[in-house]
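The figures here come from the full heavy-atom set of this structure, side chains too, leaving out hydrogens, waters and symmetry mates.
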Amino acid sequence: MSFSPSADELLERNRSYAESFDDSALQVHPTRGLALVTCMDSRIDAFQVMGLANGEAHIIRNAGGVVTDDAIRSLCLSQMYLGTREIMLVHHTDCGLHNLDEAAFRAKLEAETGVKPWWSLEAFTDPYADVRQSMERIAMTPFIPHKDLVRGFVYDVRDGLLKEVEAA
């Protein structure tokens, strides 16, 4: 598969988009009071999967949709400054972190760069257990004040459905 940079093409697409831009009146505070933490996987269109429109929710994405320190930082800001109260955690099937050998990855990265990564990849073997772990991290942190509306899900990339994960 050959690679060619996309930025110029996307910049042109942005100009076309801006010609009919209609969202300038959206407020910074999400209208649903919802923050969604999900994976960066390019197969997940978070707005489409959830039936959301622009301005309705904060979408926080990272590899695996894992609740990391940075996700907690974003959720803290989302709740304490921007008025969200509900959190949805959405991991998915066929994730790149599923069954990844984290130790081998880290060793290879260190061998190639000469620097040992200070962060964890958060690889996992079971997406449902991983969602439960992320739910526990939210329950344990003092930086997220509203924890009564935290729910977790696994998105199935084969059928497009969300399966709810019960807390531990």
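In summary, Glu164 and Arg151 engage in a salt bridge, as defined by a charged side-chain N under 4.0 Å from a carboxylate O. In this structure, Lys116 does not pair ionically with Glu110, as no charged nitrogen and carboxylate oxygen lie closer than 4.0 Å. Ion pairing between Asp41 and Arg61 fails under the 4.0 Å rule for side-chain N and carboxylate O. Ion pair Glu112/Lys108 flagged as a salt bridge, since at least one NZ, NE, NH1 or NH2 atom sits closer than 4.0 Å to an Asp/Glu carboxylate oxygen.
Panel note: side chain Gln79, backbone Cys76; no donor-acceptor pair is recorded below 3.5 Å. A donor-acceptor pair is defined here as one N or O able to donate and one able to accept, closer than 3.5 Å; such a pair exists between the side chain of Glu102 and the backbone of Leu121. Within the 3.5 Å criterion, the main-chain N or O of Ala25 finds a donor-acceptor partner in the side chain of Gln27. In this structure, Asn62 contributes its side chain and Gly65 its backbone to a donor-acceptor pair below 3.5 Å.
For Ala57 against Leu52, the heavy-atom pair with the smallest separation is CB-CD1, 3.9 Å. The two residues His58 and Ser78 make their nearest non-hydrogen contact at ND1-OG, 2.7 Å. The nearest pair of heavy atoms linking Cys39 to Ala63 is SG-C, 4.3 Å. Residues His92 and Val157 come closest through the heavy atom pair ND1-CG1, 3.8 Å.
Distance check: His91 NE2 to Ser134 OG gives 3.5 Å after rounding to the nearest 0.5 Å. Atom-to-atom distance recorded for Phe153:CZ and Met50:CE is 7.5 Å, nearest 0.5 angstrom. Taking CZ of Phe47 as the reference point, atom CG of Leu36 lies at 8.5 Å (rounded to 0.5 Å). Note that CZ of Arg15 is 11.5 Å distant from CG of Leu10, once rounded to the nearest 0.5 Å. Ile59 CD1 to Asp45 CG: the interatomic distance, rounded to the nearest 0.5 Å, is 9.5 Å.
Leu26 and Tyr17 fall into different hydrophobic clusters, where Ile, Leu, Val, Met, Phe, Trp and Tyr side chains are chained together by heavy-atom contacts under 4.5 Å. By the criterion of side-chain heavy atoms lying less than 4.5 angstrom apart, applied directly or through intervening Ile, Leu, Val, Met, Phe, Trp or Tyr residues, Val28 is grouped together with Leu77 in one hydrophobic cluster.
Atom OH of Tyr81 has 12 or fewer neighbouring heavy atoms from other residues, nucleotides or ligands inside a 6.0 Å radius. For Asp69, the CG atom is loosely surrounded, since the number of other residues' heavy atoms within 6.0 Å does not exceed 12. Residue-environment remark: CG (Asp23) exceeds the threshold of 12 foreign heavy atoms within 6.0 Å.
The other members of the hydrophobic cluster of Met135, by chain and number, are Val37, Ile60, Val67, Ile72, Leu75, Ile87, Leu89, Tyr128, Val131, Ile138, Phe143, Ile144, Val150, Val154, Val165 (side-chain heavy atoms under 4.5 Å, ILVMFWY only).
Close placement of the His98 and Phe124 rings is indicated, their centers lying within 6.0 Å of each other.
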Evaluate the salt bridge (charged side-chain N to carboxylate O under 4.0 Å, His left out) criterion for residues Asp94 and Arg43: first the C-alpha distance (whole Å), next the side-chain angles of each, then the deciding distance (0.1 Å), finally the verdict. CA-CA 10 Å; Asp94 194 33; Arg43 296 170 292 178; 2.8 Å; yes
Would Arg132 and Glu136 count as a salt bridge (charged side-chain N to carboxylate O under 4.0 Å, His left out) here? Give the steps. CA-CA 6 Å; Arg132 278 190 285 282; Glu136 282 297 312; over 6 Å; no
Glu122 and Arg137: salt bridge (charged side-chain N to carboxylate O under 4.0 Å, His left out), yes or no, with the steps? CA-CA 13 Å; Glu122 302 278 349; Arg137 287 179 178 174; 3.2 Å; yes
Kindly determine whether Val66 and Asp130 satisfy side chain to side chain contact (heavy atoms under 4.5 Å, CB included), including the steps that lead there. CA-CA 8 Å; Val66 179; Asp130 203 51; 3.9 Å; yes
Do Thr93 and Tyr155 pass the side chain to side chain contact (heavy atoms under 4.5 Å, CB included) test, and can you show the C-alpha distance, the side-chain angles, and the key distance before you say yes or no? CA-CA 6 Å; Thr93 59; Tyr155 172 71; over 6 Å; no
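His29 pairs by the ring-ring contact (aromatic ring centres under 6.0 Å, His included) definition with nothing, not counting sequence neighbours. Every residue meeting the side-chain contact (heavy atoms from CB on, under 4.5 Å) condition with Asp148, not counting sequence neighbours, appears here in chain and number order: Arg85, His146.
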